Amino acid sequence: MLKGKTAIVTGSTSGIGLGIARAFAQDGANVVLNGFGDAAAIKAIQDEIQGLGVGTLYHGADMSKPAEIVDMVRNTEAKFGRADIIVNNAGIQFVANIEDFPPEKWDAIIAINLSSAFHTIRAAMPKMKAANWGRIINIASAHGLVASEKKVAYVAAKHGLVGLTKVVALETATTGITCNAICPGWVLTPLVQKQIDDRAAREGIPADKAKAELLGEKQPSQQFVTPEQLAALTLFLCSEAASQVRGAAWNVDGGWCAQ
């Protein structure tokens with residue numbers, strides 16, 4: 001379906017982003033990887049993707065720095081012509097009550113979880129409009145639809161990402177470009193594993209009990225969403241069948257937001 005298309009997936013060296021990058025490559029798209037990590041591990045991911053018969057590029061843009069984001073998009077255009085698909089997935093987390101929340105953590109979370117999507121879309125939009133085709137998918141969160149305590153910056157950023165999605169969808173409504181958000185519940189990514197580990201240490205309980213408590217508080221299915229499930233939805237949103245899905249905030253959350 002996506003043969004000849006090129007996808008930028010931010011935060012794609014692990015977790016959700018890596019699952020989406022692999023799915024795009026398996027479907028025939030060139031993939032631009034982005035994220036931090038061990039150089040050898042990133043090279044191994046590139047080799048794996050190239051083994052599927054598609055092109056790949058790694059760009060280590062720090063998603064808190066607009067100039068580096070623009071450079072990533074320009075490098076993509078130089079190698080592949082344009083970015084047909086943007087998946088804004090990069091994200092970080094910090095947990096504390098608002099009075100204890102360090103301002104620098106607020107600034108970093110807003111920059112990486114929200115502002116980076118603006119800068120990426122802004123840089124890629126002219127060539128998408130020229131081609132009259134594009135898919136923009138913002139990986140928000142159940143926290144883009146509902147709130148939780150101690151996550152003021154994350155919740156604000158993800159709500160903002162859903163709002164950004166709607167504006168871009170309206171601005172491109174008469175074109176072949178669509179913009180949608182996916183709002184996962186708990187996915188067992190390194191980010192979530194850290195929260196489980198921190199909870200286990202704080203409460204003096206085994207990691208398995210901390211994991212069960214985390215799911216029990218929010219996710220009625222009592223099961224983690226998987227990167228593969230999110231990747232499958234991402235592929236659908238890139239399809240012709242989804243050409244009139246515009247401005248949606250699609251929750252994949254085991255019933256979290258149904259409560």
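These numbers were taken from a predicted model, which means no experiment stands behind them. The basis for the numbers below is simple: all heavy atoms, side chains too, and nothing from hydrogens, waters or symmetry mates.
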Short question: side chain of [X], backbone of [Y] - any donor-acceptor pair under 3.5 Å?
| X | Y | answer |
| --- | --- | --- |
| Asp84 | Gly134 | no |
| Glu68 | Asp62 | yes |
| Asn251 | Cys183 | no |

Nearest 0.5 Å, what's the [atom1]-[atom2] distance between [X] and [Y]?
| X | Y | atom1 | atom2 | value |
| --- | --- | --- | --- | --- |
| Ile110 | Tyr154 | CD1 | OH | 12.0 Å |
| Ile109 | Gln93 | CD1 | CD | 5.5 Å |
| Asn180 | Cys238 | CG | SG | 9.5 Å |
| Ile182 | Gln229 | CD1 | CD | 11.5 Å |
| Gln195 | Trp186 | CD | CH2 | 4.5 Å |

Are [Y] and [X] connected in a single hydrophobic cluster, I mean Ile/Leu/Val/Met/Phe/Trp/Tyr linked by side-chain heavy atoms less than 4.5 Å apart?
| X | Y | value |
| --- | --- | --- |
| Ile121 | Val162 | no |
| Ile86 | Val167 | no |
| Val252 | Leu18 | yes |

Is it the case that over 12 heavy atoms from other parts of the model lie below 6.0 angstrom from the [atom1] atom of [X]?
| X | atom1 | answer |
| --- | --- | --- |
| Lys65 | NZ | no |
| Arg74 | CZ | yes |
| Ile205 | CD1 | yes |
| Gln222 | CD | yes |
| Lys218 | NZ | yes |

For Thr6 and Leu57, what are the C-alpha separation, side-chain angles and deciding distance, and is it a side chain to side chain contact (heavy atoms under 4.5 Å, CB included)?
-> CA-CA 10 Å; Thr6 297; Leu57 172 69; over 6 Å; no
Ile42 to Gly37 - nearest heavy-atom pair and separation =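 Heavy-atom minimum between the residues: CD1-O, 3.7 Å.
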Verify side chain to side chain contact (heavy atoms under 4.5 Å, CB included) between Met125 and Ile177, making sure each step is shown before the conclusion.
-> CA-CA 9 Å; Met125 185 61 75; Ile177 301 164; 3.8 Å; yes
Take Arg122 and Val73 through the side chain to side chain contact (heavy atoms under 4.5 Å, CB included) test and state the conclusion after the steps.
-> CA-CA 10 Å; Arg122 181 178 183 274; Val73 175; over 6 Å; no
Step-by-step side chain to side chain contact (heavy atoms under 4.5 Å, CB included) determination, Phe24 to Thr234 | CA-CA 9 Å; Phe24 279 144; Thr234 304; 3.4 Å; yes
Considering only heavy atoms from C-beta outward, does the side chain of [X] approach that of [Y] to under 4.5 Å?
| X | Y | answer |
| --- | --- | --- |
| His143 | Trp256 | yes |
| Leu235 | Leu2 | yes |
| Thr178 | Leu237 | no |

